[in-house]
Amino acid sequence: VERYLRSIRHAPWSFLRANRDLLTFYDRALARFGPLVAAEALRRLLLAMAYGPLPRKIDRNAEAIVDQINLALTKFPAEVRAAVPVLFTAHSLPERIVAMKDPYPEEVKGTVEAVTARLGHRPTAFAYQSQGRSNEPWLGPTVEAVLDTLHQAGHRHVLVAPIGFICDHVETLFDIDIELKQFAAG
């Protein structure tokens, strides 16, 4: 009987917790299926996860993201469309992750820079969303703080682009579609 590994990434960047999870995955596969199957499964998982800051992959992703941003901008009134800032968001992590030399913030930054360069002179900003409810410090600035700054600068329309998520799920659907709309209206 052949066994197949399927992996679905919910974010296109690596982070150290994922590396620890890989070791746990490998240990379990090793115990259950033996060294050959475990090694092949780990190899396939690593290939599926190899999404990091490689320039070729960032370029390919940036082009697709720009296409989606340009499509979304057509929903704004024509008279304001050219001035609508794009607010890129990514999931926040505890600041201790950065202290552990995690590549996630730099990988996100690289993608944001690649997309911003392709957008030309459009105003852009970046923020972290979905900060945890723990008492420890999380990466910032928050989306709310950046929306306040954009509002103070005179912007009344903003396109939020959750660049740190490759699929819609509860955090993008609830945080952006409900909470941030309520925040912006208040």
Side-chain angles (χ1 to χ4, degrees), residues 9-15 17-18 51-55 57-98 102-134 136-186:
R9 293 288 301 219
H10 291 281
W13 297 283
S14 60
F15 52 94
R17 191 183 82 207
Y51 209 109
L54 300 174
K57 290 182 180 184
I58 285 180
D59 286 345
R60 192 173 20 194
N61 294 334
E63 292 298 329
I65 293 166
V66 167
D67 289 345
Q68 291 302 307
I69 288 171
N70 287 331
L71 181 63
L73 285 166
T74 64
K75 296 179 182 182
F76 289 90
E79 63 273 8
V80 300
R81 193 174 299 147
V84 172
V86 177
L87 173 54
F88 297 105
T89 68
H91 198 293
S92 186
L93 295 175
E95 287 182 3
R96 65 182 155 80
I97 301 295
V98 177
D102 192 278
Y104 172 78
E106 291 303 315
E107 291 174 358
V108 171
K109 180 182 175 186
T111 302
V112 169
E113 289 172 352
V115 172
T116 298
R118 287 165 174 76
L119 289 174
H121 298 290
R122 177 164 305 283
T124 61
F126 175 78
Y128 285 102
Q129 70 177 71
S130 307
Q131 285 78 2
R133 304 296 183 230
S134 68
E136 65 185 312
W138 285 66
L139 296 177
T142 66
V143 176
E144 295 82 359
V146 174
L147 284 174
D148 279 340
T149 301
L150 291 169
H151 185 261
Q152 290 170 6
H155 295 284
R156 298 301 177 257
H157 302 276
V158 175
L159 173 63
V160 177
I163 199 166
F165 302 87
I166 60 171
C167 64
D168 284 333
H169 53 79
V170 73
E171 287 180 283
T172 54
L173 296 174
F174 182 77
D175 289 3
I176 294 172
D177 292 348
I178 296 172
E179 286 190 334
L180 286 181
K181 280 184 182 177
Q182 290 173 349
F183 178 82

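The stretch residues 138-147 participates, sequence neighbours left out, in these side chain to side chain donor-acceptor pair (under 3.5 Å) pairs: Ser134-Trp138.
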Open item on the list: I'd like to know whether Leu71 forms a side-chain contact (heavy atoms from CB on, under 4.5 Å) with Asp67, so could you lay out the CA-CA distance, the side-chain angles of the two residues, the decisive distance to 0.1 Å, and finally the verdict.
Closed with: CA-CA 6 Å; Leu71 181 63; Asp67 289 345; over 6 Å; no
- [ ] Show the numbers, then the answer: is there a side-chain contact (heavy atoms from CB on, under 4.5 Å) between Arg156 and His151?
- [x] CA-CA 6 Å; Arg156 298 301 177 257; His151 185 261; 3.3 Å; yes
Task: Candidate pair Ile97 and Tyr104, rule side-chain contact (heavy atoms from CB on, under 4.5 Å), full reasoning - done: CA-CA 9 Å; Ile97 301 295; Tyr104 172 78; 5.6 Å; no
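A distance of 11.0 Å separates CG of Leu87 from NE2 of His155, quoted to the nearest 0.5 Å. In this structure, OG1 in Thr116 is found 7.5 Å from CD1 in Ile69, a value given to the nearest 0.5 Å. With values rounded to the nearest 0.5 angstrom, Glu113 atom CD is found 11.0 Å from Phe88 atom CZ.
Residues meeting the side-chain contact (heavy atoms from CB on, under 4.5 Å) test with Glu95, sequence neighbours left out: Pro137, Leu139. Legend: residues meeting salt bridge (charged side-chain N to carboxylate O under 4.0 Å, His left out) with Glu136, ordered by chain and number and at least two apart, are Arg96.
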In a table with atom names and distances, give each donor-acceptor pair under 3.5 Å that connects a side chain of residues 157-164 to protein atoms at least two apart or in another chain.
none

Tabulate below the donor-acceptor pairs under 3.5 Å that side-chain atoms of residues 119-128 make, not counting sequence neighbours, or state none.
unit_1 : atom_1 : unit_2 : atom_2 : d
Arg122 : NH1    : Arg81  : O      : 2.9
Arg122 : NH1    : Ala82  : O      : 3.4
Arg122 : NH1    : Val84  : O      : 2.8
Arg122 : NH2    : Arg81  : O      : 3.4

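Side-chain contact between Ile65 and Thr111 is present, with at least one heavy-atom pair separated by less than 4.5 Å.
Here the closest non-hydrogen pair linking Gln131 and Pro141 is NE2-O, 4.4 Å.
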